[in-house]
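No hydrogens, no waters, no symmetry mates; every other heavy atom, side chains included, goes into these values. Residue numbers count from 1 along this sequence.
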Amino acid sequence: MKELLDVITKALVDSPQEVKITEREDNETTVFEIHVADSDMGKVIGKQGRIAKAIRAVAKAAAAKEDKKVVVDIVD
């Protein structure tokens with residue numbers, strides 16, 4: 001799952017070397033935090049949050065195949 005988010009995020013940004021994804025367990029949910037450069041934040045969020053919603057939807061679909069719960073946070 002982390003690799004999937006990494007590939008998607010790096011394809012969207014101008015500075016892929018600054019993309020960092022951290023993973024932590026929170027009860028029965030896995031939380032992924034995506035860190036990108038400040039200049040790339042808008043590209044990852046998108047207009048009205050559409051790209052962020054799409055990233056979350058893909059992550060949830062992949063997690064559903066494995067019967068897991070996933071939360072994706074985009075932090076600065």
Side-chain angles (χ1 to χ4, degrees):
M1 178 69 62
K2 187 174 179 178
E3 298 83 21
L4 174 65
L5 291 172
D6 192 49
V7 169
I8 292 171
T9 307
K10 285 184 177 180
L12 293 171
V13 298
D14 288 333
S15 304
Q17 68 276 7
E18 293 192 40
V19 172
K20 186 171 60 170
I21 299 176
T22 57
E23 176 181 0
R24 63 180 163 86
E25 293 292 324
D26 204 20
N27 295 330
E28 296 178 9
T29 304
T30 305
V31 178
F32 291 98
E33 293 181 343
I34 300 175
H35 302 269
V36 297
D38 289 338
S39 60
D40 290 329
M41 189 62 73
K43 292 178 182 166
V44 175
I45 295 173
K47 287 186 180 180
Q48 298 179 348
R50 287 188 182 131
I51 295 176
K53 287 178 188 175
I55 292 171
R56 290 183 179 112
V58 169
K60 286 184 181 185
K65 276 181 106 174
E66 302 171 8
D67 289 331
K68 295 182 179 180
K69 292 183 181 179
V70 175
V71 174
V72 178
D73 289 332
I74 300 168
V75 294
D76 45 297

Is the number of heavy atoms from other residues, nucleotides or ligands under 6.0 Å of Gln17 CD greater than 12?
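Counting other residues, nucleotides and ligands, CD of Gln17 exceeds 12 neighbours.
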
Considering residues, nucleotides and ligands other than Asp38, do more than 12 of their heavy atoms fall under 6.0 Å from its CG?
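Not more than 12 within 6.0 Å, no.
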
For [X] and [Y], indicate whether the former's side chain and the latter's backbone hold a donor-acceptor pair under 3.5 Å.
| X | Y | result |
| --- | --- | --- |
| Asp40 | Val13 | no |
| Lys2 | Ile21 | yes |
| Asp73 | Phe32 | no |

Could you give the distance from NZ (Lys60) to CE (Met1), rounded to the nearest 0.5 Å?
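Rounded to the nearest 0.5 Å, the NZ-CE separation comes to 11.5 Å.
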
Are any of the side-chain nitrogens in Lys20 or Glu33 under 4.0 Å away from the carboxylate oxygens of its partner?
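No.
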
Do [X] and [Y] have side chains that get closer than 4.5 Å, going by heavy atoms?
| X | Y | value |
| --- | --- | --- |
| Val36 | Glu18 | no |
| Val19 | Val44 | no |
| Val75 | Ile34 | no |
| Leu12 | Ile51 | yes |

Residue that, paired with Lys69, satisfies side-chain contact (heavy atoms from CB on, under 4.5 Å) out of Thr29, Asp26, Thr30:
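In the set Thr29, Asp26, Thr30, the residue that makes a side-chain contact (heavy atoms from CB on, under 4.5 Å) with Lys69 is Thr29.
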
When clusters are formed from ILVMFWY side-chain contacts under 4.5 Å, directly or step by step, what else is grouped with Val31?
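Val71, which link up through side-chain heavy atoms under 4.5 Å apart, make up the rest of the cluster.
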
